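Report on one structure; see the data block that follows.
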2 protein chains.
Amino acid sequence: MTIASKPPVTMKDVATAAGVHYSTVSRALNPATRDLVKPQIAARILQTARELGYRTNSLASSLRTKRSRVVGVVVPDIASLLFPPILEGIEHALLKEGYMTIVGNSANDPERHRRVLTGMMERQVDGLILASTTLNDPIPDEWFENRAPIVLMNRTDESGRAPAVVNDDMRGIGLAVRHLVDLGHKRIIHVAGPNFLSTGAVRQRAFKLACSELSVPLNRHSIVEATSFTREAGKIACIEALAKNPQTTAIVAANDLIALGCYDALAEKKLSCPEDISITGYNDSPFVDLVRPPLTSVRVDQREMGLEAARILLARMGGHHAGADILLRPEFVLRQSTTPPRTPSH
Amino acid sequence: MTIASKPPVTMKDVATAAGVHYSTVSRALNPATRDLVKPQIAARILQTARELGYRTNSLASSLRTKRSRVVGVVVPDIASLLFPPILEGIEHALLKEGYMTIVGNSANDPERHRRVLTGMMERQVDGLILASTTLNDPIPDEWFENRAPIVLMNRTDESGRAPAVVNDDMRGIGLAVRHLVDLGHKRIIHVAGPNFLSTGAVRQRAFKLACSELSVPLNRHSIVEATSFTREAGKIACIEALAKNPQTTAIVAANDLIALGCYDALAEKKLSCPEDISITGYNDSPFVDLVRPPLTSVRVDQREMGLEAARILLARMGGHHAGADILLRPEFVLRQSTTPPRTPSH
DNA sequence: TCTGAAAATACAAACGTTTGCAAAAATAAC
DNA sequence: GTTATTTTTGCAAACGTTTGTATTTTCAGA
């Protein structure tokens, strides 16, 4: 049994109550046009609107103005540690400007991703922030030609079709490798993220580059790719990597979850961190300072990433062709999962 | 420079292209009314719609049907460990039924909370899931009399105005206390959550009840309230609690973050866990198995909570006055932060 | 008091759908 | 080949706004 609630009060209701035409109500209620109506009448309208409990119907308004004041945000996994702070940043920046956000979870499933995107477009979002782009299954061009501007975040599709807000992983991974080299490590491997994600791919490239610049020997087994950015996949990849590189003294993990997976792998192999093997994470996720040993990581400011993406999107939605990509600068965070190698190779 | 994108294709466009009236297009496109149009024509319409790249305009459709297929979800803090899995569950259950979710972050700020709620109502959400209710600043009645049904989640406002999906904290805290008692603890204190949140209040009551049932002595200092469910507030409250109860051998923390705050407090006081003091957490948040010592906790199924809330909301939106509250059953998780007291009191 | 301009308001057409109802077309019954 | 039915389609009115244009009111200035 649903209670048959009375129909919502519309501008027409307010108009008749205030004894004016409803178009006048519209103008009085909208701060931008309020000065077109005589102040005293405007006041009366505002008053009766309040009394009747009038609340504007965005659907109607959006239909007419072609602006929904809603933006869509798609993340590959809401429940991961990485995205909540990003979402918080986005929501914060957008709400201030009167936008609300529909959030969708692509769950790393292309079909679901498609459904989420169409759902958002049908709902006439004014803009889109995508943290879910993959390199192997790119967003069709048509989306980029749409009414709604798109901003990529965290990951990029490297096509240049949309501005991206990403971290300077080249630098970030460089910091980690340099740190390990400074400690005296020579036998460093990389437990990488999936190659079909820009984050995975870039960090692999960064690892190779840093190694060659710092004269760390590299072979074709030095990089082992985890199938996803998860603790479980990290563990599996780490075990494989250690089997292939028995003399490893340090591991650069592609992100914190993978690093925690490496912890699990070491525990299983009865190796200790950092005494036997040093490990660096990436992202400096919440609570990695509480694990044992506290994880040395590379901090990226997730909230800032969200804020920045929102800012760019706002600019685009405002019709400004806001410039290029944004590269956020990461920061090294030293904790206790790294130490000089047991048998320095000199 | 915004590219003046061509106007989106509407039903009228499809209609003229297919040589029929646009109302026929409407019927052909809607699976529910498709059998009103001759199969062969329907096929032609579907075809041309696909060719022209037609996409329905939800705004117009919603305006007409008074159903937006959007629901609002308000959480007090997106970035906490607790809510992302809940959101994932909600999104999962709702998307399957064609709903998308606007998520709002009340940030524990009443004014912001109000803005988020009005924003959602203006956008004509079909339903609302609130995880943000507080006991001291209740949602005004008018919201509950609205078009959009409301479901409370995780917290309740104890007014019975809306169905709630919560955990059986009575049982959960009981499990923790019983465990400590079984280990031989007699001097147990509770570092509680804020009393103005139902979760804080209920767990305090649960603690008292369990203690009295299990003959654990209780005095007016046995419960110290943290000002929020955070690590920082937990630490402060814990220090205060230990000062007032120097002989404490075990702490029941109101949630995992507070428990981690207690870890911090013990570290500061040079006490060790679990040797000097045992600690139990609550929620079994991700990664509390990785902290040192791994935290004994009470698991609540967060995703299930989201799924359940979504299910109830779907039922209500469908006009079914779905029954009463849902009490989810928690589960004890033994790890290494609890051990028998050093000096068993017998 | 009247004229002309300016200010304030009302009118009405959109926006893109859905849907009751009327009209037309197809089919059945005779 | 009619008529009565049933399908199928078209028509037009909503849904609640915004906004260009027309109309009215107000108020100078003479």
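What's counted below: heavy atoms across the whole structure, side chains too, no hydrogens, waters or symmetry copies. Here the structure is a predicted model, which is why all the values come from computation and not from measurement. So that the names make sense, note that chain A is the first sequence line, chain B the second, and so on, each numbered from 1.
- Between atom OH of residue B:Tyr22 and atom CZ of residue B:Arg27 there is a gap of 10.5 Å, rounded to the nearest 0.5 Å.
- Residues passing the side-chain hydrogen bond (donor to acceptor under 3.5 Å, both in side chains) test with A:Asp126 are A:Ser68, sequence neighbours excluded.
- Within the model, atoms CZ of B:Arg114 and OG of B:Ser106 stand 13.0 Å from one another, a figure rounded to the nearest 0.5 Å.
- Considering A:Thr24, A:Leu46, A:Val9 in turn, A:Val9 is the only one that fulfils the side-chain contact (heavy atoms from CB on, under 4.5 Å) rule with A:Val14.
- Between atom CG of residue A:Leu117 and atom CD1 of residue A:Ile150 there is a gap of 7.5 Å, rounded to the nearest 0.5 Å.
- On the nucleic acid side, DNA chain C has its first and last nucleotide under 4.0 Å of a heavy atom of chain B at C:dG16 to C:dG20, going 5' to 3'.
- Near DNA chain D, meaning a heavy atom under 4.0 Å from it, residues 17-24 of chain A has A:Tyr22, A:Ser23 in order of number.
- In the region residues 43-72 of chain A, proximity to DNA chain C at under 4.0 angstrom, judged on heavy atoms, holds for A:Leu63, A:Arg64, A:Lys66.
- A rotation axis mapping the C1' atoms of four pairs onto the next four is fitted at both ends of the helix from C:dT1-D:dA30 to C:dC30-D:dG1 over five pairs, and the angle between these axes is 40° to 10 degrees.
- Of all heavy-atom pairs between A:Pro110 and A:Asn108, the closest is CD-O, 3.8 Å.
- Smallest separation of non-hydrogen atoms from B:Leu63 and A:Asn57: CD1-ND2, 4.2 Å.
- Counting all heavy atoms, side chain and backbone alike, B:Arg34 lies closest to B:Ala42 at CG-CB, 4.3 Å.
- Closest non-hydrogen pair, B:Arg123 versus A:Gly98, comes out as NH2-O, 3.0 Å.
- Considering every non-hydrogen atom in both A:Ile78 and A:Leu87, the closest pair reads CG2-CD1, 4.3 Å.
- With rounding to the nearest 0.5 Å, the separation of CG in B:Leu94 from CD1 in B:Ile129 is 5.5 Å.
- The line from CG of A:Asn154 to OG of A:Ser132 is 10.5 Å long, rounded to the nearest 0.5 Å.
- Annotation: proximity of residues 26-36 of chain B to DNA chain C (heavy atom, distance under 4.0 Å) is found for B:Ser26, B:Arg27, numbered in ascending order.
- Remark: the B:Gln47 side chain and the B:Arg50 side chain contain an N/O donor-acceptor pair separated by less than 3.5 Å.
- Counting non-hydrogen atoms of neighbouring residues, nucleotides and ligands closer than 6.0 angstrom, the CD atom of B:Gln40 reaches no more than 12 such neighbours.
- B:Glu122 contributes atom CD, which lies 11.0 Å from atom CZ of B:Arg115 (distance to the nearest 0.5 angstrom).
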